[in-house]
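Notes follow once the structure below has been shown.
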Protein chains: 2
Amino acid sequence: MIRTNPKLLTIIDNWLQNRPEEIGHRSFTAGERLVFQDEQIRFVYIMQSGLAKCFITEENGRDYILEFFGEGEIMGELELITGKGSLSNVAAITDLTTFRVRAAFFTAELAGNRELAQLIMEQLAIRLEQTAMRASYQQIYPLEYNLLKLLYLSSEQELQLSKRDIADYLAISIRSLNRALKELRNRNIINPDSYNAIISREQLAQVLQEFDRLI
Amino acid sequence: MIRTNPKLLTIIDNWLQNRPEEIGHRSFTAGERLVFQDEQIRFVYIMQSGLAKCFITEENGRDYILEFFGEGEIMGELELITGKGSLSNVAAITDLTTFRVRAAFFTAELAGNRELAQLIMEQLAIRLEQTAMRASYQQIYPLEYNLLKLLYLSSEQELQLSKRDIADYLAISIRSLNRALKELRNRNIINPDSYNAIISREQLAQVLQEFDRLI
DNA sequence: ACCGGCGCGGGACATTTGTCCTGCCACCAG
DNA sequence: CTGGTGGCAGGACAAATGTCCCGCGCCGGT
């Protein structure tokens with residue numbers, strides 16, 4: 001759900017010690033953009049604290065959220081590897097702080113630093129795996145199942161998402177989201193007054209399991 | 001649409017010259033499985049000729065096709081990097097021939113062979129990019145648009161897909177696919193008698209553009 | 001105090017998609 | 001020849017989802 005990457009932070013630590021001049025710090029306020037779709041990447045950002053969303057804006061104006069970034073997550077690396085403009089936007093959901101690394105330095109490190117290369121390779125593999133799995137089940141299972149899954153995952157972490165973000169993550173309209181939430185409220189699976197307060201994680205886990213069995 | 005990776009074949013050539021004992025050959029007949037979801041990977045296969053599909057089978061029995069593999073495409077590398085069982089199945093669509101490499105050898109090469117590591121990293125990046133883009137537009141745009149796009153792309157290559165495969169790629173039922181095809185036939189966008197013979201590529205390109213404009 | 005904007009909630013209706021089922025036809029094995 | 005299987009086509013109905021719209025309440029600025 002929210003991805004994090006602690007190992008990358010240790011590499012940043014190394015850089016801070018040995019190449020402090022290469023590591024910038026940059027804060028963003030909630031709502032601010034860090035990365036703009038289609039633009040060339042000039043800096044790689046690594047999340048130090050806070051929460052961001054990574055999303056693609058389609059030509060009809062709708063957004064699709066690919067992932068949420070937490071501590072240690074990196075953005076821009078994919079684009080430096082493919083050499084293209086940015087695949088997606090990244091926007092701060094909460095206020096956040098980041099480490100900032102020049103593209104040229106990062107690219108050079110990627111070529112020379114075995115540990116970093118290994119880490120980024122694993123990172124890409126994990127993202128690909130998770131993106132593929134989500135593309136599959138999100139399209140194949142009914143909305144209600146995906147929503148429950150999302151609520152379950154987001155209840156594990158603090159995470160207070162707006163309806164807009166939930167809808168964009170699930171690739172549905174807000175109206176459909178409201179319908180599904182109402183249905184869950186009627187069945188006492190989620191709290192009547194706040195849509196992301198789940199009545200009990202145990203109950204939710206059970207509902208998910210029943211789904212798995214039925215399907 | 002169908003991915004290929006010519007560069008990887010040159011690395012295979014190198015291996016064939018210098019480490020011929022490490023490179024096996026294996027043929028598969030149409031329909032045969034090369035890779036089984038959730039199973040541990042023991043060999044990496046690289047496509048030499050033919051066409052294969054890579055797909056996830058969900059617990060309800062429905063398949064989602066992630067990509068089609070053509071010449072030079074590799075399978076199993078992601079799993080060797082993450083160390084998990086296979087993300088997906090791979091099945092031969094046509095008869096095909098492959099190069100086969102032991103997992104241990106491939107992993108060792110990945111650690112020691114800079115050129116290979118670079119290539120695999122690019123490969124992962126491209127797959128991630130394309131998977132993410134498809135997840136986004138396939139969920140956000142209407143079926144008809146996605147179908148047209150698929151027909152357009154598949155007309156660029158030879159590629160004669162079964163209805164089952166088209167439906168699994170678009171994550172829809174065959175019934176919905178039939179409806180959409182009928183609609184396109186009525187509008188003289190595709191050939192009345194064979195569903196993947198497009199009347200004219202120019203016309204199709206134009207329809208797609210109109211879509212883009214409307215949206 | 002008041003207005004405007006914005007997020008939430010949901011009614012009404014149209015459209016899209018899935019499910020179930022039936023028929024047709026080609027092909028293959030017995 | 002014949003029965004079985006599998007792919008193609010589509011009718012009928014149900015369920016899911018989108019679009020458009022209105023109303024409510026909160027909050028910040030003037």
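Bear in mind the structure is a predicted one, so any value in this text is a computation, not a measurement. So that the names make sense, note that chain A is the first sequence line, chain B the second, and so on, each numbered from 1.
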Within this structure, what is the CD-to-P distance between B/Glu183 and C/dT15, rounded to whole angstrom? 12 Å
Can you sort out the partners of A/Phe106 under ring-ring contact (aromatic ring centres under 6.0 Å, His included), two or more places apart, ordered by chain and number? none
For D/dA9, take OP1 and OP2 only and decide whether either is under 4.0 Å from a side-chain N or O of B/Lys163. yes
Among residues at least two apart in sequence or on other chains, which ones pass side-chain hydrogen bond (donor to acceptor under 3.5 Å, both in side chains) with B/Glu71? none
Quick one: list whatever passes side-chain contact (heavy atoms from CB on, under 4.5 Å) with B/Glu122, sequence neighbours left out. A/Ile81, B/Lys7, B/Gln118, B/Leu119
I'd like to check the side-chain contact (heavy atoms from CB on, under 4.5 Å) partners of A/Gln123; sequence neighbours left out, ordered by chain and number. A/Asn5, A/Glu73, A/Ile74, A/Arg127
For nucleotides 14-27 of chain D, 5' to 3', base contacts (B), sugar-phosphate-only contacts (S) and non-contacts (-) with protein non-hydrogen atoms under 4.0 Å give ---BBBB-------
Spacing of A/Arg164 atom CZ relative to C/dG5 atom C1', expressed in whole Å: 17 Å
Between P on C/dG9 and CG on A/Leu181, what's the gap in Å once rounded to a whole number? 8 Å
Assess whether a salt bridge exists between B/Glu183 and B/Arg187, defined as any Lys/Arg side-chain N lying under 4.0 Å from an Asp/Glu carboxylate O. yes
Below 4.0 Å: OP1/OP2 of D/dA9 and any side-chain N or O of B/Asn178: yes
Between A/Gln139 (CD) and C/dG18 (C1'), how many Å, whole number? 15 Å
Set of residues satisfying side-chain contact (heavy atoms from CB on, under 4.5 Å) with respect to B/Phe36, sequence neighbours excluded: B/Arg33, B/Glu39
